[in-house]
Amino acid sequence: FSPVEARSIKISWDEVPHYRQNGPITGYLLNYTNTTFSNTINITGGENKSYTLTKLRPYTNYTVTVAAYNDVGTGPTSDNRTQQTEQAEPTSSPENITFSSVKARSLTVSWDEVPPSET
């Protein structure tokens with residue numbers, strides 16, 4: 001996995017060894033999952049050996065597998081690989097800002113924690 005960013009991960013893989021291809025590779029099935037969903041992308045063309053996942057959630061673990069296919073069918077999937085996306089900036093601000101203990105030369109300010117991101 002390289003590079004890894006807050007909302008994208010580039011995945012690359014090695015070619016299936018020729019003696020295990022059993023015919024020309026015509027594409028790859030890339031499956032990626034996190035705790036809330038699973039998605040499979042069909043990457044056509046046996047010459048493609050990388051793909052960039054986009055629109056991902058920041059600071060989230062993704063598990064990826066890749067399987068090659070040819071005109072006859074799909075081969076076995078790769079071992080699972082897991083990668084966490086990078087952090088991103090907060091998507092909201094603190095809420096319920098309050099002032100207390102107001103004095104001539106001091107002021108106490110408090111607020112609620114920033115809620116978890118929904119991105």
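The minimum heavy-atom distance between Trp111 and Pro94, with the atom names listed, is CD1-CB, 3.5 Å. Contact record, Ser93 with Val114: C-CG2, 4.1 Å, taken as the closest heavy-atom pair. Residues Leu30 and Ile11 come closest through the heavy atom pair CD1-CD1, 4.1 Å. Counting all heavy atoms, side chain and backbone alike, Thr108 lies closest to Ser101 at OG1-CB, 3.7 Å. Tyr59 and Gln87 make their closest contact through CD1-CG, 3.3 Å (heavy atoms, listed as atom of the first residue, atom of the second, distance). Asn48 and Trp13 make their closest contact through O-CZ2, 3.6 Å (heavy atoms, listed as atom of the first residue, atom of the second, distance).
Side-chain N or O atoms of Ser78 include one that pairs as donor or acceptor with a backbone N or O of Val66 at under 3.5 Å. A side-chain donor-acceptor contact under 3.5 Å links Thr85 to the backbone of Thr60. Proximity of a side-chain donor or acceptor of Glu15 to a complementary backbone N or O of Lys49 within less than 3.5 Å is not detected. A donor-acceptor contact shorter than 3.5 Å is absent between the side chain of Thr63 and the backbone of Thr82.
The aromatic ring centres of Tyr51 and Tyr32 sit 6.0 Å or more apart.
Separation of atoms OG1 (Thr54) and CD (Glu5) is listed at 11.0 Å; rounding is to 0.5 Å.
Residue Glu113 places its CD atom among 12 or fewer non-hydrogen atoms of other residues, nucleotides or ligands, all under 6.0 Å distant. The number of heavy-atom neighbours closer than 6.0 Å to CG of Asp14, taken from other residues, nucleotides and ligands shown, is 12 or below.
When the side chains of ILVMFWY residues are joined at heavy-atom separations under 4.5 Å, either directly or via intervening members, Val72 and Ile25 end up in two distinct hydrophobic clusters. Using a 4.5 Å cut-off between side-chain heavy atoms of Ile, Leu, Val, Met, Phe, Trp and Tyr, with links allowed through other members, Ile43 and Leu29 fall into different hydrophobic clusters.
Gln84 pairs with exactly one of Ile9, Asn34, Asn61, Val4 by the side-chain contact (heavy atoms from CB on, under 4.5 Å) rule, that one being Asn61.
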Inset, instruction - Please test Asn31 against Thr40 for side chain to side chain donor-acceptor pair (under 3.5 Å), starting from the C-alpha separation and ending with a verdict. - result: CA-CA 4 Å; Asn31 181 268; Thr40 300; 2.8 Å; yes
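With a 4.5 Å cut-off on side-chain heavy atoms, Pro58 and Arg7 count as touching. In this structure, the side chains of Tyr69 and Thr26 come closer than 4.5 Å at one or more pairs of heavy atoms.
In this structure, a donor-acceptor pair under 3.5 Å is absent between the side chains of Ser8 and Thr52. Checked by atom type, the side-chain pair Thr65/Asn80 shows no donor-acceptor distance below 3.5 Å. No hydrogens or angles considered: nothing links the side chains of Tyr28 and Asn42 as a donor-acceptor pair under 3.5 Å.
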